Amino acid sequence: MPDTATDDLGPVLRDLAYGRLAQTRAKLANSPETREFLELGLQLLRDDLIGHTGPDFETGIRSKLFESVSRERILQRAEEADRDRPNPKVLTVNMFRYRWERKDRYTEDLISYLFRPAPQGRHFAEMAATTHRLIPRASFAELVRTLADAEVRTVLEDPLVSLQSTVQSAMPNHPRVREFCQAHLDHLMPRWADLYVRITDAYGLRLKAGFTWLDVALMFNAVVEGELTWSRVAARSVLSGGGTVVSTAILAILSSVLDDARDFADCYAVAK
């Protein structure tokens with residue numbers, strides 16, 4: 001189970017302990033039991049929607065996306081997990097009911113938890129740290145290829161992102177999904193743009209007039225998202241020259257938007 005200890009779930013969980021005092025809700029939001037209930041719900045969703053190991057709903061006109069994530073299955077999964085723990089957490093039905101008296105409130109908080117911004121922020125921080133380690137010893141082309149392929153590989157291996165993509169496709173107009181996508185554009189894309197500025201500054205490269213680094217970040221994001229969409233259902237594509245689609249496409253974009261489109265393989269960081 002991922003480390004979520006640094007996430008503040010107070011602003012995230014809007015249906016938790018609905019109607020109770022704000023102080024009570026804030027305390028419950030970051031309790032280990034609340035996190036465990038939500039992580040178990042995500043586990044069930046991953047099994048049912050991605051692993052296809054859960055119930056198969058054949059009839060009815062209602063959306064079945066969250067139908068299988070019942071309180072009973074969550075508590076059963078918790079009991080199974082406790083068998084392998086030296087210190088069992090012992091989640092109970094009363095604990096669940098105290099937090100969510102109705103299943104639809106739990107479902108809404110589960111969606112909010114799935115689309116909380118903290119994991120994206122941690123992923124960006126990891127990629128930025130990798131970038132700064134690579135700059136002193138890699139050519140610009142090597143850096144771009146390494147980072148582009150690492151981004152796609154890391155995201156493809158992240159079950160949380162796969163689940164986000166599934167739910168986002170199924171529920172594009174859900175308020176939490178729309179908030180997540182807007183936050184990606186408003187807050188995360190500018191951070192990527194700033195990182196690209198630091199990278200190109202290190203290599204003595206400059207952007208052509210008429211473009212901004214936010215433009216470039218949006219183009220890169222579109223390329224990565226396209227590669228991710230294809231790679232989730234098929235093997236990653238390799239071009240005839242041996243490069244991956246995403247790294248080759250990003251280098252092609254850079255060749256058209258940078259002032260000095262020299263051979264990036266010969267471009268190393270400028271000593272400062």
Side-chain angles (χ1 to χ4, degrees), residues 2-12 112-136 138 140-165 167-168 172 175-229 231 244 246-247 249-254 256-259 264 267 269-270 272:
D3 176 17
T4 57
T6 59
D7 293 43
D8 179 10
L9 298 185
V12 173
S112 296
Y113 185 69
L114 171 62
F115 287 102
R116 68 197 190 280
Q120 270 195 328
R122 284 196 292 269
H123 171 68
F124 172 81
E126 291 166 0
M127 292 298 292
T130 299
T131 299
H132 295 310
R133 287 196 301 270
L134 287 172
I135 284 175
F140 187 70
E142 290 170 338
L143 179 74
V144 170
R145 292 191 187 100
T146 300
L147 291 179
D149 292 333
E151 171 73 1
V152 172
R153 184 180 66 255
T154 302
V155 172
L156 283 174
E157 292 172 354
D158 188 340
L160 184 69
V161 179
S162 295
L163 193 53
Q164 287 172 341
S165 298
V167 175
Q168 184 175 332
R176 301 295 87 76
V177 174
R178 294 179 71 85
E179 285 176 10
F180 176 82
C181 294
Q182 194 62 49
H184 185 82
L185 290 174
D186 292 344
H187 304 297
L188 199 60
M189 282 296 100
R191 293 180 69 186
W192 280 106
D194 289 343
L195 179 61
Y196 300 147
V197 171
R198 295 198 296 272
I199 292 172
T200 49
D201 280 351
Y203 287 87
L205 299 168
R206 294 292 178 269
L207 198 61
K208 285 182 179 179
F211 292 100
T212 69
W213 280 110
L214 185 57
D215 295 335
V216 176
L218 291 170
M219 287 189 280
F220 288 176
N221 185 68
V223 171
V224 171
E225 287 295 328
E227 174 78 352
L228 290 171
T229 299
S231 298
T244 63
V246 65
S247 61
I250 286 175
L251 284 169
I253 291 172
L254 288 169
S256 66
V257 300
L258 291 176
D259 256 334
F264 292 140
C267 180
V270 179
K272 293 183 179 180

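Start at 1 with the first residue, then count along the sequence. Note that the structure is predicted; figures quoted are calculated from it, not measured.
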Do Pro175 and Arg178 have side-chain heavy atoms sitting under 4.5 Å apart? no
State the CG-CG distance between Leu156 and Leu228, to the nearest 0.5 angstrom. 5.0 Å
Interatomic distance, CG@Leu251 vs CZ@Arg145, rounded to 0.5 Å, equals 5.5 Å
Just wondering, do Leu207 and Leu258 contact through their side chains at under 4.5 Å, heavy atoms? yes
Tell me the closest heavy-atom pair linking Ala148 and Ile250, and the distance in Å. CB-CD1, 3.9 Å
Note, Thr154 side chain near Asp158 side chain (heavy atom, < 4.5 Å): no
Partner set under salt bridge (charged side-chain N to carboxylate O under 4.0 Å, His left out) for Arg176, not counting sequence neighbours: Glu179
Show your working on side chain to side chain contact (heavy atoms under 4.5 Å, CB included) between Phe264 and Leu254 and close with a plain yes or no. CA-CA 10 Å; Phe264 292 140; Leu254 288 169; 4.1 Å; yes
Atom CH2 in Trp213, atom CE in Met219: separation rounded to 0.5 Å? 9.0 Å
Donor-acceptor contact below 3.5 Å, side chain Asp8 vs main chain Gly10: yes
Set of residues satisfying side chain to side chain contact (heavy atoms under 4.5 Å, CB included) with respect to Arg153, sequence neighbours excluded: Ala150, Glu157
Separation between CG (Asn221) and CE (Met189), nearest 0.5 Å, reads 4.0 Å
So, do Leu205 and Tyr196 sit near enough that their side-chain heavy atoms are less than 4.5 Å apart? no
Only counting residues at least two apart or in another chain, list the ones meeting ring pair (Phe, Tyr, Trp, His ring centres under 6.0 Å) with Phe115. Phe180
Which heavy-atom pair separates Pro119 from Arg116 by the least distance, and what is that distance? CD-O, 3.4 Å
Please round to the nearest 0.5 Å and tell me the distance separating atom CG of Leu188 and atom NE2 of His123. 8.5 Å
Rounding to 0.5 Å, atoms CG (Leu147) and CD1 (Ile199) come to a distance of 6.0 Å
Heavy-atom check, side chain of Ser165 versus side chain of Thr229, under 4.5 Å: no
Can you tell if the side chain of Thr130 reaches within under 4.5 Å of the side chain of Glu151, non-hydrogen atoms only? no
With side chain to side chain contact (heavy atoms under 4.5 Å, CB included) as the test, would you mind laying out the steps for Asp7 and Arg122 before giving the verdict? CA-CA 10 Å; Asp7 293 43; Arg122 284 196 292 269; 2.7 Å; yes
What residue pairs, at least two apart or across chains, pass salt bridge (Lys or Arg N to Asp or Glu O under 4.0 Å) with a residue in residues 208-223? none
Dump the intermediate steps for side chain to side chain contact (heavy atoms under 4.5 Å, CB included) on Gln120 and Leu160, then the final yes or no. CA-CA 10 Å; Gln120 270 195 328; Leu160 184 69; over 6 Å; no
Assess whether atom CZ of Arg198 is packed by more than 12 heavy atoms of other residues, nucleotides or ligands within 6.0 Å. yes
Return yes if some donor-acceptor pair links the side-chain N/O of Gln168 with the main-chain N/O of Val177 below 3.5 Å, else return no. no
For Asp149, all residues meeting salt bridge (charged side-chain N to carboxylate O under 4.0 Å, His left out), sequence neighbours excluded: Arg236
Minimal non-hydrogen separation, Asp201 against Arg206, with atom names: OD1-NH1, 3.2 Å
Parallel, tilted or perpendicular: which describes the rings of Phe140 and Tyr203, with under 30° parallel and over 60° perpendicular? perpendicular
Contacts of type ring pair (Phe, Tyr, Trp, His ring centres under 6.0 Å), residue Phe124, not counting sequence neighbours: Trp192
